[in-house]
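Below you'll find the structure, written out as structure tokens, and then a few comments.
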Amino acid sequence: MAVASSRSRPPYWLWLFLMSSNRKSRHDFVVVASRLPVDRVEDADGSTTWRTSPGGLVTALEPVMREAGGVWIGWSGDAGPAPGAFEADGLQLIGLGLSDNEVRHFYEGFCNATLWPLYHDVIAPPQFHRRWWEAYVTVNRRFAEAAAEQAAPGATVWVHDYQLQLVPRMLRQQRADVRIGFFNHIPFPGYEIFAQLPWRRQVVEGLLGADLLGFQRRADATNFLRACRRAVGLTTRGSTVRVRELEGSRTIQAAAFPISIDAKGLGEIARRDDVRKRSSQICDALGEPGLVLLGVDRLDYTKGILHRLRAYGELVADGRLGPRPVLIQVASPSRERVEAYQTLRDEVEVMVGRINGEHGEVGYHPVHYLHQSYPREEMAALYLAGAVMLVTPLRDGMNLVAKEYVACRNDENGALVLSE
Ligand code: F6P
């Protein structure tokens, strides 16, 4: 909030009222994630609707948020003005805006063409551009300012994922009174890889603004602690690292807290009659398949979709899956303007066409490829239809699809193939 000069300050009674109403709108619990749990969708008639946004972060966090209350600060998923404060499906949301340039440089650039490949062990070559980094700093500052504005005195602010690694420090500089947690939903790379990042020191210092840093696996926390020693020259002890600041020194903990899903809620959806009926419809629509295998991923090169298809094609060719097997591969659209994702989509679609061309017949396709996103009910019906679930990422933070499949199989049936 801007501080008014004494000449423009409103009368004292009005000022008191404004301050108290402002305080009332502040929250004890604030979630800060690059995305809101909903994306803005423009309909043909120009009206706006909101649709659940993709990815594990939303799956994991939405039920927590419903229980804890508070406010969720994030971006609406497209370029344009900030939607501001609104409520969707019972959640209090604050939508921040990104300009077209910021979507290009911050989201598609630094987040998804620098950090994403770097943090997934350089499966694709990361790109380093100063302009992308500058956009990353600018957008992180915007999120930190929004969090500082929304947090009540002494509030808990929970910052999420690699898109916002500078927010903890920026927030602490504005609001030393709040407790700050940070959770990384993707792997944190080994130092030899992390050291390729020209801004590694700033990233580590940004994260160290938090009181508690959470990672999916112990190895990620260990990698981060090593980065504290190597990139910033700090001393670590067990899972803690000590930093000296003007106000004294602070101890930060970095440890593994693997995330999960609302297994009970999803299990209940999978028990519903309409969902079971839909699952039978899916099986009927496949003709009379022998074995139904299922893959569900964002269309991302870390997920191993190409490798999976290739392996499936070979098994079909060798007749090792019995007569008329079917693989349903849901590949939800993701980061479609980033080059590596466009290339992957082309490769996947060529491979699907090849397998179907070589092994299909009239009325039978060995692969059903769905480049779409579906609501939870449809996903549950698919999980019930798949006798074998293939979760075979090359690298992943915590693959929640595997947990969703297990949660839906109330019948204790089905097989999960999960890569190491
Ligand atoms: O889990 C990793 C993650 O990047 C999340 O931060 C994000 O919500 C999800 O995948 C989907 O990514 P995006 O926001 O780029 O669509």
Side-chain angles (χ1 to χ4, degrees), residues 31-41 50-65 72-79 91 93 95-96 98 102-121 123-124 126 132 135-136 139-140 143 158-167 181-189 207 214-217 220 257-261 296-303 305 330-342 344-345 371-374 391 393-404:
V31 160
V32 192
S34 80
R35 290 276 201 141
L36 289 172
V38 286
D39 281 349
R40 179 167 46 197
V41 184
W50 298 93
R51 174 188 60 195
T52 305
S53 48
L57 187 152
V58 170
T59 310
L61 221 60
E62 203 201 287
V64 176
M65 194 64 188
W72 182 318
I73 298 172
W75 167 52
S76 64
D78 60 7
L91 296 173
L93 309 175
L96 303 186
L98 296 188
E102 286 169 344
V103 174
R104 213 164 312 126
H105 297 315
F106 162 77
Y107 174 71
E108 293 165 359
F110 201 77
C111 292
N112 291 317
T114 304
L115 293 176
W116 183 267
L118 190 76
Y119 281 31
H120 288 89
D121 287 353
I123 297 176
W132 292 2
Y136 188 73
V139 173
N140 269 249
F143 276 79
W158 196 11
V159 185
H160 290 267
D161 231 355
Y162 63 101
Q163 301 97 338
L164 300 178
Q165 294 173 105
L166 307 181
V167 169
F182 179 91
F183 189 79
N184 204 46
H185 291 251
I186 67 171
F188 195 89
L207 289 167
F215 297 89
Q216 299 280 24
R217 304 166 309 160
D220 299 316
F257 304 98
I259 55 163
S260 195
I261 56 163
V296 173
D297 308 87
R298 269 189 314 103
L299 187 48
D300 193 298
Y301 50 81
T302 59
K303 305 291 181 187
I305 302 172
V330 177
S332 40
S334 188
R335 306 170 188 169
E336 289 183 281
R337 296 199 314 189
V338 179
E339 200 187 328
Y341 289 75
Q342 292 166 352
L344 175 72
R345 181 175 175 185
H371 184 239
Q372 292 164 56
S373 307
Y374 296 100
V391 180
L394 305 176
R395 298 282 186 286
D396 220 332
M398 178 64 63
N399 193 297
L400 297 180
V401 166
K403 298 190 178 194
E404 288 182 344

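First listed ligand is number 1; within each ligand, the first listed atom is number 1.
A salt bridge links Arg335 and Asp300; the closest N-O separation between the charged side-chain nitrogens and carboxylate oxygens is under 4.0 Å.
Inspection of the Tyr341 and Glu339 side chains reveals no N or O donor paired with an N or O acceptor under 3.5 Å. When only modelled atom types and interatomic distance are considered, Tyr119 and Asp220 share no side-chain donor-acceptor pair under 3.5 Å.
Residues Trp72 and Ala33 share a closest heavy-atom pair of NE1-CB, 3.9 Å.
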Stepwise side chain to side chain donor-acceptor pair (under 3.5 Å) check, Gln163 with Tyr136 = CA-CA 8 Å; Gln163 301 97 338; Tyr136 188 73; over 6 Å; no
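With sequence neighbours excluded, the residues that form a side chain to side chain contact (heavy atoms under 4.5 Å, CB included) with Arg345 are Leu299, Glu336, Glu349, Tyr369, His371.
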Pairwise, report which nitrogen or oxygen atoms of ligand 1 are under 3.5 angstrom from protein nitrogen or oxygen atoms, and how far apart they are.
{"from": "ligand 1", "atom 1": "4 (O)", "to": "Tyr162", "atom 2": "OH", "distance (Å)": "3.1"}
{"from": "ligand 1", "atom 1": "4 (O)", "to": "Arg335", "atom 2": "NH2", "distance (Å)": "3.1"}
{"from": "ligand 1", "atom 1": "6 (O)", "to": "Asp161", "atom 2": "OD2", "distance (Å)": "2.5"}
{"from": "ligand 1", "atom 1": "6 (O)", "to": "Gln163", "atom 2": "NE2", "distance (Å)": "3.2"}
{"from": "ligand 1", "atom 1": "12 (O)", "to": "Arg335", "atom 2": "NH2", "distance (Å)": "2.9"}
{"from": "ligand 1", "atom 1": "14 (O)", "to": "Arg35", "atom 2": "NE", "distance (Å)": "2.9"}
{"from": "ligand 1", "atom 1": "15 (O)", "to": "Tyr107", "atom 2": "OH", "distance (Å)": "2.6"}
{"from": "ligand 1", "atom 1": "15 (O)", "to": "Arg335", "atom 2": "NE", "distance (Å)": "2.8"}
{"from": "ligand 1", "atom 1": "15 (O)", "to": "Arg335", "atom 2": "NH2", "distance (Å)": "3.1"}
{"from": "ligand 1", "atom 1": "16 (O)", "to": "Arg35", "atom 2": "NH2", "distance (Å)": "2.8"}
{"from": "ligand 1", "atom 1": "16 (O)", "to": "Tyr107", "atom 2": "OH", "distance (Å)": "3.4"}

